[in-house]
A.B. asks: 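Please find one structure pasted underneath; my questions will follow.
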Protein chains: 2
Amino acid sequence: MGVFISLDFESSQPIYLQLIHQIIEGIAKKELQPGDPLPSVRSLAQDIGINLHTVNKAYQQLKQDGFLQIHRQKGVVIRPEGIPKADNIYKEQVQQKLRPLIAESICKDLSKEEFLTLCQTIYHDFQIGGRNDD
Amino acid sequence: MGVFISLDFESSQPIYLQLIHQIIEGIAKKELQPGDPLPSVRSLAQDIGINLHTVNKAYQQLKQDGFLQIHRQKGVVIRPEGIPKADNIYKEQVQQKLRPLIAESICKDLSKEEFLTLCQTIYHDFQIGGRNDD
DNA sequence: ATAACTGTTATATATAATGTATAACAGTTA
DNA sequence: TAACTGTTATACATTATATATAACAGTTAT
């Protein structure tokens, strides 16, 4: 089971945040599915050359956000019951994060249509095409 | 000209970042237009009860990003030539910021259509009061 | 039972980011 | 001259980030 984590140690973005995003992307791409095991804090830390506490910080936050389930003596797995669905509170949090990005884009004359196209491109990268099963 | 800055000192988000976002939102809403003056670092700092260096840090970054023009002995104004238009590099930066947000939304079963609707709502918020009919 | 493995906790250290506090400088304006 | 600009420098405190060890409590395989 290969580890598909790529970190940028030159980035101003904290390592534990990059780690969180990489794991979430793995889940979004269905490379990681509910029940799938993740490396132990020690093995993953050694594999990517960082401290086990940095890995643990990422795991703890992912657990807090409902992405992971952690058994003290067993191990770490993707939440078997699935990731908690988006509620209204989450949607507001998303909007709060989108706000500065959209404001800046408006200032720079990036049209709404272009912005939405940028979003669509990312969805395409994740190979999600607004699937309809009716 | 009063600048409506509202900061959340309890937030984990740095003050200078909140300040940057507020000013950019003001420009996006056309409340601040090219050539418009901004308060001096000292007066704005005193108005909102923070240090002048915190204001200066925000101003410097906004200058770096092309939003402000700063004359050493004159003052600070919204860039008279207008804000630099979005280029491909900027679009890639936007996508890089959108990526974790979209990945998380996919994990939480927020559909692409719902996500784009959230974006649309924000665009609608910025459109209010931005109507200039002549 | 021993050894190797889990997550967890504690302590300590180092560096950077953030924010404040003073002070001074150089130039402009009233 | 006095009051105002942005700018720079220094110092300090707090928090965030990251690492380094060490130990603990339970599991699992040998």
Side-chain angles (χ1 to χ4, degrees), chain A residues 1 3 5-23 32 35-80 97 100, chain B residues 1-3 5-23 32 35-80 100:
Chain A
M1 183 173 57
V3 182
I5 303 294
S6 67
L7 300 179
D8 178 11
F9 292 95
E10 309 298 321
S11 170
S12 63
Q13 196 173 39
I15 297 175
Y16 80 96
L17 263 186
Q18 294 184 45
L19 195 47
I20 287 173
H21 291 156
Q22 294 270 318
I23 293 173
L32 292 174
D36 283 355
L38 260 65
S40 72
V41 289
R42 286 177 178 82
S43 64
L44 181 54
Q46 193 160 20
D47 278 2
I48 57 186
I50 63 176
N51 192 272
L52 95 170
H53 292 108
T54 305
V55 176
N56 189 250
K57 183 172 183 176
Y59 277 5
Q60 287 300 325
Q61 185 165 326
L62 285 167
K63 171 192 173 188
Q64 182 68 27
D65 294 340
F67 290 92
L68 300 183
Q69 189 174 95
I70 303 179
H71 282 104
R72 188 181 178 105
Q73 280 83 17
K74 290 182 179 178
V76 182
V77 297
I78 307 296
R79 198 169 186 258
K97 291 176 185 173
Chain B
M1 183 65 183
V3 181
I5 303 291
S6 68
L7 300 180
D8 178 11
F9 292 95
E10 309 299 321
S11 170
S12 63
Q13 195 173 39
I15 298 175
Y16 80 96
L17 263 187
Q18 294 184 45
L19 194 48
I20 287 174
H21 292 156
Q22 294 269 318
I23 293 173
L32 292 173
D36 283 356
L38 259 66
S40 72
V41 290
R42 286 179 178 81
S43 63
L44 181 54
Q46 193 160 20
D47 278 1
I48 57 185
I50 62 176
N51 192 273
L52 93 170
H53 292 108
T54 306
V55 176
N56 189 250
K57 184 171 183 176
Y59 278 4
Q60 287 300 326
Q61 186 165 326
L62 285 167
K63 170 191 173 189
Q64 183 66 26
D65 293 341
F67 291 91
L68 301 183
Q69 189 174 95
I70 304 178
H71 281 105
R72 188 181 179 106
Q73 278 83 20
K74 290 182 178 177
V76 182
V77 297
I78 308 295
R79 198 167 185 260

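Throughout, protein chains are lettered first and strands after them, A, B, ... in sequence-line order, and every chain is numbered starting at 1.
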A.B. asks: What does nucleotides 3-12 of chain D look like as a protein-contact string, B for base, S for sugar-phosphate only, - for none, at under 4.0 angstrom between heavy atoms?
C.D. replies: --BBBBB---
A.B. asks: Quick one: pull up CG in Asp36(A) and CD1 in Ile78(A) and give me the separation to the nearest 0.5 Å.
C.D. replies: 6.5 Å
A.B. asks: Please map the stems of DNA chain C, keeping only stretches of three or more Watson-Crick or G-U wobble pairs with both distances under 3.5 angstrom.
C.D. replies: C:1-30 with D:1-30
A.B. asks: At a cut-off of 3.5 Å, list every protein nitrogen or oxygen paired with a nitrogen or oxygen from nucleotides 15-18 of chain C, distance to 0.1 Å.
C.D. replies:
residue : atom : partner  : partner atom : Å
dT18(C) : OP1  : Tyr16(B) : OH           : 3.0
dT18(C) : OP2  : Tyr16(B) : OH           : 3.1
dT18(C) : OP2  : Lys57(B) : NZ           : 3.1

A.B. asks: Can you run down the side chain to side chain donor-acceptor pair (under 3.5 Å) pairs that involve residues 6-18 of chain A, sequence neighbours left out, and say none if there aren't any?
C.D. replies: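 Qualifying pairs, neighbours excluded: none.
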A.B. asks: With rounding to the nearest 0.5 angstrom, report the CD1 to NZ distance, Ile15(B) to Lys57(B).
C.D. replies: 11.0 Å
A.B. asks: Check whether any side-chain heavy atom of Leu52(B) sits under 4.5 Å from a side-chain heavy atom of Leu44(B), and report yes or no.
C.D. replies: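 Leu52(B) vs Leu44(B): side chains apart.
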A.B. asks: Which pairs count as side chain to side chain donor-acceptor pair (under 3.5 Å) when at least one residue sits in residues 37-54 of chain B, sequence neighbours excluded?
C.D. replies: Ser40(B)-Ser43(B), Asn51(B)-His53(B)
A.B. asks: Looking at Ile5(A) and Leu19(A), what are the two nearest heavy atoms and their distance?
C.D. replies: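 Residues Ile5(A) and Leu19(A), closest heavy atoms: CG2-CD1, 3.8 Å.
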A.B. asks: To the nearest 0.5 Å, how far apart are CG in Leu7(A) and CG in Leu17(A)?
C.D. replies: 11.5 Å
A.B. asks: Indicate the atoms forming the closest heavy-atom contact of Ile50(A) with Phe9(A), along with that distance.
C.D. replies: CG2-CE2, 3.7 Å
A.B. asks: Grab the CD1-C1' distance between Ile48(A) and dT19(D) for me, whole Å please.
C.D. replies: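 Taking atom C1' of dT19(D) as the reference, CD1 of Ile48(A) is at 14 Å.
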A.B. asks: For Gln13(B) and dT15(D), what is the distance between atoms CD and P respectively, to the nearest whole Å?
C.D. replies: 19 Å
A.B. asks: Check the pair Val77(B), Leu38(B) against side-chain contact (heavy atoms from CB on, under 4.5 Å), reporting the backbone distance first and the verdict last.
C.D. replies: CA-CA 6 Å; Val77(B) 297; Leu38(B) 259 66; over 6 Å; no
A.B. asks: Under 3.5 Å, which donor-acceptor pairs link side chains of residues 59-70 of chain B to any protein atom two or more places apart or in another chain?
C.D. replies:
residue  : atom : partner  : partner atom : Å
Tyr59(B) : OH   : Pro39(B) : O            : 2.8
Gln69(B) : NE2  : Glu81(B) : OE2          : 3.4

